[in-house]
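Single-structure report; data block below.
Proteins come first, then strands; the chains are lettered A, B, ... in the order of their sequence lines, and each starts at number 1.
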Amino acid sequence: MNIFEYHLKEIHNLILIKKDFLKLDKIENLGKINLEVPPEQFNFDLSCNIAMVLGTSNKLAPKKLAEKIRELFLDQIKNFSNVEIAGPGFLNIKLSKSALIENINSILKNNENYGSNKTNDTYNIEFVSANPTGPMHVGHCRGAIYGDVLGNLLTFNGNKVIKEYYINDYGSQIKNFVESVYFRILEIKFKKPFPKKNNLYPGLYIKDIAVKILNENKSLNFEDFEKNFEYLKNKSLEASMQLIKKDLKLLGINHDNFFSESEIVNKDLVNKTVEVLKKKKYVEKGYLQPPKGEKDDNWKKVERLIFKSTLFGDDTDRALQKNDGSWTYFANDIAYHMDKVNRGYQNLVNVLGADHTGYIKRITAAVSAISEKKIKLNCKVCQLVKLFKDGKPFKMSKRAGDFISAQELLNEVDKDSIRFIMLNRSNDVEIDFDFDKVKEKTKDNPIFYVQYAYARINSLLRTLNTSFVEKIELDEIDFNLNEMEEKIIRKVFEWPKIIESATKKFDLHKIPFYLYELSTLFHAYWSRGNEDKRYKFIENEQIKRKEILAIINLVAIVIKNGMGILDVSLPKKM
RNA sequence: GCGCUCUUAGCUCAGCUGGAUAGAGCAUCGGUUUUCUAAACCGAGGGUCGGAGGUUCGAAUCCUCCAGAGCGCGCCA
């Protein structure tokens with residue numbers, strides 16, 4: 001429990017006991033009462049809106065009520081050493097020295113767990129799931145890193161997390177892909193020109209795969225595509241999954257489970273799933289309306305099995321069968337999600353690219369239907385990564401083959417920088433990724449700033465010839481913080497709140513933003529010694545005050561925990 | 001036509017379960033180094049929070065409408 005939670009609970013209890021003293025008729029909206037970090041200029045530790053919340057529901061002037069609550073706080077809560085009323089009725093609170101010391105030591109003791117909000121759920125996070133038709137591109141990297149770090153964050157909070165990759169190794173795209181490999185083989189072996197059909201993948205990596213297959217099997221007669229299809233498919237898929245796994249590894253991402261679409265088909269899971277849904281009357285035979293968007297020449301009015309996703313909030317019902325009666329991608333995907341539900345996770349999360357936004361309603365509907373609304377599928381969308389090269393926008397397309405691959409990016413920029421940059425923005429907004437700019441290894445990169453703060457702390461510890469400190473004997477009488485130290489301590493105290501809010505809505509960008517702010521405070525604290533020698537931390541290889549030792553250890557703990565969640569390295573020396 | 005996301009300083013973005021004088025970085029201008037790491041720090045200027053209504057004691061934040069940008073809108077995957 002952090003200081004905000006702890007004291008909020010204390011305040012709740014106090015209000016209930018002292019209801020009459022405060023002349024309150026109604027105690028409602030307790031959930032609206034918050035303990036927050038006050039704006040910096042106020043120089044207080046905590047800020048509470050209680051007088052405004054209770055004032056509204058009891059028709060009392062917030063400021064007058066605040067005055068009474070202030071008395072109560074000072075009288076009854078021993079950790080509060082000063083309380084002042086500000087603005088429309090906020091109560092700004094200073095913590096007592098003993099409370100500060102106690103909290104400092106509790107953080108040092110918690111160490112690598114500091115900030116964790118203990119919950120105990122199970123999560124399945126599906127992410128990347130790039131088609132196995134070639135290497136990953138820059139856009140995939142964003143979702144990959146987001147999913148990976150989301151998993152880390154949930155694990156940090158004590159949950160059990162499975163990171164899963166769904167391999168779409170079935171269907172017409174795969175056929176196009178294998179055909180592309182086939183034509184490249186013909187090109188290499190028989191000098192037949194690669195056809196200019198727009199369903200083929202023109203990327204050069206296809207040639208590499210073709211060469212690999214040729215080298216592995218020199219005797220095979222490749223002249224008949226249909227005859228060799230299964231062999232070519234297996235080899236090609238294997239090759240492209242190898243490419244993808246290699247990219248993932250270079251980005252520092254490890255999935256726990258790779259689940260293949262063809263497994264769904266082979267095990268006939270779709271029929272089983274559809275039978276279940278039929279019994280519940282969520283799947284029925286019927287006709288669909290023509291699509292509302294662009295005209296589709298292939299559209300035919302044929303009776304087929306339909307999932308009634310409108311029952312679960314979708315805009316229209318969805319086809320499970322194609323014209324020829326075979327299953328749609330969606331049908332397979334429902335079966336896959338059925339499997340996930342059956343595996344017993346309490347929470348399902350899908351991380352998707354922006355181009356799959358339109359898919360969310362139907363798959364969420366499907367999970368509701370499968371689980372009788374017991375399991376909610378949470379879909380998070382990562383917006384586009386817009387590439388700029390030579391000052392011009394750079395379009396990515398797997399088919400065109402002119403995308404920038406993860407590999408090319410990794411050749412220029414290290415994995416830590418890519419991870420940090422991809423996360424240093426809300427998933428809801430596009431990222432302008434200036435290829436040339438990111439290539440420059442300059443101080444512009446915020447990751448260096450955080451790493452540098454950590455390196456500076458380690459430099460101090462080296463000078464002091466000490467390592468991490470687990471307990472500091474701070475004497476309440478001597479204990480004194482200057483204004484800068486108070487700011488840092490408050491920032492450190494805020495860490496569990498950051499984790500809490502980042503977890504709540506999966507807002508991962510809050511972590512790098514926070515780490516940057518904390519580093520700013522630390523660099524300022526450090527630099528004071530440059531301006532004025534009295535503020536140097538060390539004298540004759542001894543720390544000047546115990547408070548300094550406490551602060552550098554606290555900052556180190558938080559940076560380490562934060563960067564640990566991001567899985568970005570922290571050099572001790574730079 | 002419909003759905004999702006976005007619109008905040010010159011640029012890139014935080015802030016959104018309603019609260020205090022709307023914050024950072026970059027860029028611009030001006031300072032700091034015989035050092036515990038200057039890859040750093042300090043200071044200055046810079047705003048009609050896309051527009052219009054509404055709810056409220058109080059709106060960048062919630063609701064409605066409008067405008068602009070992006071992504072989607074198969075029986076592709």
Greater than 12 external heavy atoms within 6.0 Å of Y170(A)'s OH
no
For the rings on F90(A) and F42(A), is their centre-to-centre separation under 6.0 Å?
no
For RNA chain B, what are the stems built from at least three Watson-Crick or G-U pairs in a row, each pair having both distances below 3.5 Å?
B:1-7 with B:67-73, B:10-13 with B:23-26, B:28-32 with B:40-44, B:50-54 with B:62-66
I want to check one thing: is the phosphate of rA77(B), taken as OP1 and OP2, less than 4.0 Å away from some side-chain N or O of K322(A)?
yes
Any donor-acceptor pair under 3.5 Å linking the side-chain atoms of N266(A) with those of E263(A)?
no
Answer yes or no as to whether rA20(B) has its base stacked against F90(A), where stacking requires a ring-centre separation under 5.5 angstrom and planes under 30 degrees apart.
yes
When you measure from the side-chain N and O atoms of Y329(A) to the phosphate of rA77(B), is any distance below 4.0 Å, counting only OP1 and OP2?
no
What protein N or O atoms touch nucleotides 3-5 of chain B N or O atoms at under 3.5 angstrom, if any, and at what distances?
residue	atom	partner	partner atom	Å
rU5(B)	O2'	D428(A)	O	2.7

RNA chain B contacts made by residues 537-545 of chain A, counting heavy atoms under 4.0 Å
F537(A), I538(A)
Strictly under 3.5 Å: I want the nitrogen or oxygen pairs between protein and nucleotides 41-44 of chain B, one per line.
residue	atom	partner	partner atom	Å
rC41(B)	OP1	Y449(A)	OH	2.2
rC41(B)	O4'	S527(A)	OG	3.0
rC41(B)	O2'	E531(A)	OE2	3.3

Does the protein touch nucleotides 55-64 of chain B at the base, only the backbone, or not at all? Give it as B, S and - per nucleotide, heavy atoms under 4.0 Å.
--B-------
Taking ring-ring contact (aromatic ring centres under 6.0 Å, His included) as the test, write out the residues that go with F537(A), two or more places apart.
Y525(A)
